[in-house]
Enquirer: 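Mind looking over this structure? Questions follow.
Letters A, B, ... mirror the listed sequences (proteins, then strands); counts begin at 1. Everything quoted here is computed from the prediction, not taken from an experiment.
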Amino acid sequence: MDTIITRFPPSPTGYLHIGGARTALFNWLYARQKGGKFVLRIEDTDEARSTKESVDAIFESLEWLGIDWDEGPYFQTQRYDIYRDYIHKLVESGHAYYCDCTQEEVEAMREEARATGKKPMYNGKCRELNKKPISEGKDGKSTNMVVRIKAPRMGSTVVDDVVKGSTAFPNSEIDDFIIQRSDGSPMYNLAVVIDDITMNINTIIRGDDHLVNTPKQIIIYNALGASLPLFAHVPMVLGSDKARLSKRHGAMSVSEYRDMGFLPDAMLNYLVRLGWSHGDQEFFTRQELIDKFSLEHIGRSPSMFDMDKLTALNAKHIQSKSASELSPIFLSNLEKIGFTNLSNSFVDAELNLEKIIETLQPRSKTMVEMAEASKFYFQETIEFDESAAKKFLKPDIIETLKISAEYIKSIDLSDFSEKNLEVLFKKVMEETNLKFGKIAQPLRVALTGTTVSPGIFEMMLALGKDRTVERIERAIEYILNQWHEN
RNA sequence: GGUCCCAUCGUCUAGCGGUCAGGACGCUGGCCUCUCACGCCGGAAGCUCGGGUUCGAUUCCCGAUGGGAUCACCA
């Protein structure tokens, strides 16, 4: 079997959104699974709307997702000579022709068709006129004439699609569409086909909004005598109101999802499940996706973007990663909320970064949440939440806190473990005659300033022995001060 | 409007003639528990409607309805 070659051809008229990312993902997964090649091509022939910023944004998003390409990026604007050659061939072989009908004339044709209840389209006036451009131009550019394909008028063009099955389009619906503008630049359908042929693309996975112009492309393939690639038209991703995805829903740049604290792997996992399934499996690692992805199990109906499910999946991916994998992402999110240079200043032997992450993993749905929830670890002096302190930092707990601090102090640093802390607090419980429930909340407030946090022992471990003792002692002082004032 | 695609819980989906229609998110009752989570156990919630075909249709066919896409010298 031939090497599978897929491609992702975004047009740089905006950032990479969810739908585009999913298309890229499907093509990438398929190529990776089959040991094939994945080509990136920038379709920038709409020079008025294409921007460098968009190109960069697309690269950035792809890189963040970890979708890498084997060839390209190719830019269509740099391939005009190639298209022109093929267009010449098409004209010479009688499959295309020059047309000098003005846009007004064409519009009149459409009006006429509409008036008689027919489909508005070009009527083929110049089809057999064999016109030649007045000035081919030394540069081969401006011709003052467009080139139109000589589309078949009878019968139908059949699209065989892996996900949609076989669809016949009546040729009466397809007019002699333009393949080269009067300024010499190629039109979309032409450029795509020439690129796919010359880049040896044999598998085209794309949104099903392209299904209807596939017959046009097939006409060009046929005119060139080229063999057809495998088509797989994937249903669109809709917004939560079933309308086409727009900024109101999830049509944001995928880089915005990074900023919201989503993991690339979670993104991939969610995206792939939007339209593809593998039995009942919901969670997939990147490698599993590559191993299990299949064109056959792509659904036929459109799907809606659901932020809740993405978030839930993200939580699972956060849990499944090791703390060291999460560490760089965690740090960059901390920086965003003002904790800079933590990687250096805080790895002071005691404050255990990976342990900190571990305490937060089961309780963070996004990396932004994790950073927010971790603040207390990094503050030199924590602030006590007013109502929390009022409820739990009271004089009657001073003795317990003192005993706790003393016991912790007495542990040898090498014995500072969750296991030993548990044993130790059994003793505190005996000595104070309090159940752990009574001791835990005051300690929690002492350590974090609030009533909600990770488990007591795991936190102590992450904080380190000295900081733990320090915070408990500070809580005692705090109670004393409050008590005196009142 | 023409052409084309699509149709299972609110959402993502499994299902490929006979199933108590399964899973996940969300919602919800409970358990676990040092708080919050995580986890675990349970619940409510679905085959768009008509016709066929068949002993039997969620499943196959036709139609309707609904949703979507597309009809450019945009991609």
Enquirer: Partner of B:C40 by Watson-Crick or G-U wobble geometry, both contacts under 3.5 Å, or none?
Expert: B:G30
Enquirer: Give A:Gly275 one of three labels, base, sugar-phosphate or nothing, depending on what nucleic acid heavy atoms sit under 4.0 Å from its own.
Expert: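 The answer is sugar-phosphate, as A:Gly275 gets under 4.0 Å only of primed atoms, P, OP1 or OP2.
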Enquirer: Would you mind telling me which residue lines up with the more 5' stretch of RNA chain B, A:Asp44 or A:His278, judged by nearest nucleotide?
Expert: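 That would be A:His278.
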Enquirer: Quick one, give me the B/S/- string for nucleotides 31-36 of chain B, reading 5' to 3', where B means a protein heavy atom under 4.0 Å from the base and S means that only happens at the primed atoms, P, OP1 or OP2.
Expert: ---BBB
Enquirer: Quick one: are the ring centres of A:Phe457 and A:Phe425 less than 6.0 Å apart?
Expert: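 So the answer is yes for these two rings.
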Enquirer: Can you list the steps and then say if A:Lys426 with A:Glu431 is a salt bridge (charged side-chain N to carboxylate O under 4.0 Å, His left out)?
Expert: CA-CA 9 Å; A:Lys426 284 242 166 61; A:Glu431 204 162 315; over 6 Å; no
Enquirer: Would you mind classifying the nucleic acid contact of A:Thr45 as base, sugar-phosphate or nothing, using non-hydrogen atoms under 4.0 angstrom?
Expert: sugar-phosphate
Enquirer: Is there a donor and acceptor pair closer than 3.5 Å between the side chain of A:Lys164 and the base of B:C5?
Expert: no
Enquirer: Can you tell me the base-pairing partner of B:U19? Count Watson-Crick or G-U wobble geometry only, both distances below 3.5 Å, and say none if there is no partner.
Expert: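 Result: none.
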Enquirer: Counting the atoms with a prime plus P, OP1 and OP2 as sugar-phosphate, which does A:Tyr188 contact under 4.0 Å by heavy atoms, base, sugar-phosphate, or nothing?
Expert: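 Base, at least one base atom sits under 4.0 Å.
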Enquirer: Does OP1 or OP2 of B:G39 have a side-chain N or O of A:Lys316 closer than 4.0 Å?
Expert: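 Answer is yes, contact under 4.0 Å.
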Enquirer: Pairing check on B:C47: which nucleotide meets the Watson-Crick or G-U wobble criteria with it, both distances under 3.5 Å?
Expert: none
Enquirer: Just checking A:Asp175: base, sugar-phosphate only, or nothing, at a heavy-atom cut-off of under 4.0 Å?
Expert: nothing
Enquirer: For the residue pair A:Phe59 and A:Phe75, does the interplanar ring angle fall in the parallel (under 30°), tilted (30 to 60°) or perpendicular (over 60°) class?
Expert: perpendicular
Enquirer: Which base sits across from B:U65 as a Watson-Crick or G-U pair, both distances under 3.5 Å?
Expert: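 Check on B:U65: paired to B:A7, both distances under 3.5 Å.
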Enquirer: Taking only N and O in the side chain of A:Ser303, is any of them less than 4.0 Å away from OP1 or OP2 of B:U13?
Expert: yes
Enquirer: Taking any heavy-atom pair under 4.0 Å as a contact, classify A:Gln103: base, sugar-phosphate, or nothing.
Expert: base
Enquirer: Step through the shown structure and confirm whether more than 12 heavy atoms of other residues, nucleotides or ligands are within 6.0 Å of NZ on A:Lys150.
Expert: yes
Enquirer: Could you tell me whether A:Phe293 and A:Trp276 have their ring centroids closer than 6.0 angstrom?
Expert: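 Ring centroids of A:Phe293 and A:Trp276 are less than 6.0 Å from each other.
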Enquirer: Does the plane of the ring in A:Phe284 sit parallel, tilted or perpendicular to the ring in A:His278? Use 30° and 60° as the thresholds.
Expert: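 A:Phe284 vs A:His278 ring planes: perpendicular.
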Enquirer: Of the nucleotides B:C6, B:G2, B:C25, which has the atom closest to the A:Lys119 side chain?
Expert: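 Nucleotide nearest to A:Lys119's side chain: B:G2.
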Enquirer: Drop me the distance from A:Lys321's NZ to A:Met367's CE, to the nearest 0.5 angstrom.
Expert: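 Reported value, rounded in 0.5 Å steps: 10.5 Å.
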Enquirer: When we call it a touch if two heavy atoms are under 4.0 Å apart, what does A:Arg114 touch: a base, just sugar-phosphate, or nothing?
Expert: nothing
Enquirer: Closer to the 5' end of RNA chain B via nearest nucleotide, is it A:Arg300 or A:Gln319?
Expert: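 Closer to the 5' end of RNA chain B: A:Arg300.
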Enquirer: Which nucleotide sits closest to the side chain of A:Ala312: B:U13, B:C38, B:C25?
Expert: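 In terms of side-chain proximity for A:Ala312, the closest of B:U13, B:C38, B:C25 is B:C25.
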Enquirer: Determine which nucleotide pairs with B:C71, using a 3.5 Å limit on both distances of a Watson-Crick or G-U wobble pair.
Expert: B:G1
Enquirer: Of all the choices, B:A72, B:A75, B:G2, which nucleotide is nearest to the side chain of A:Arg110 once you look at every atom?
Expert: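 Out of B:A72, B:A75, B:G2, the nucleotide with an atom closest to A:Arg110's side chain is B:A72.
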Enquirer: Whole angstroms only, please: what is the CD-P distance between A:Glu296 and B:G15?
Expert: 12 Å
Enquirer: Look at the rings of A:Phe305 and A:Tyr270 and say which category their plane angle falls in: under 30° parallel, 30 to 60° tilted, over 60° perpendicular.
Expert: perpendicular
Enquirer: Nearest to the side chain of A:Phe169, which nucleotide is it out of B:C4, B:C5, B:C71?
Expert: B:C4
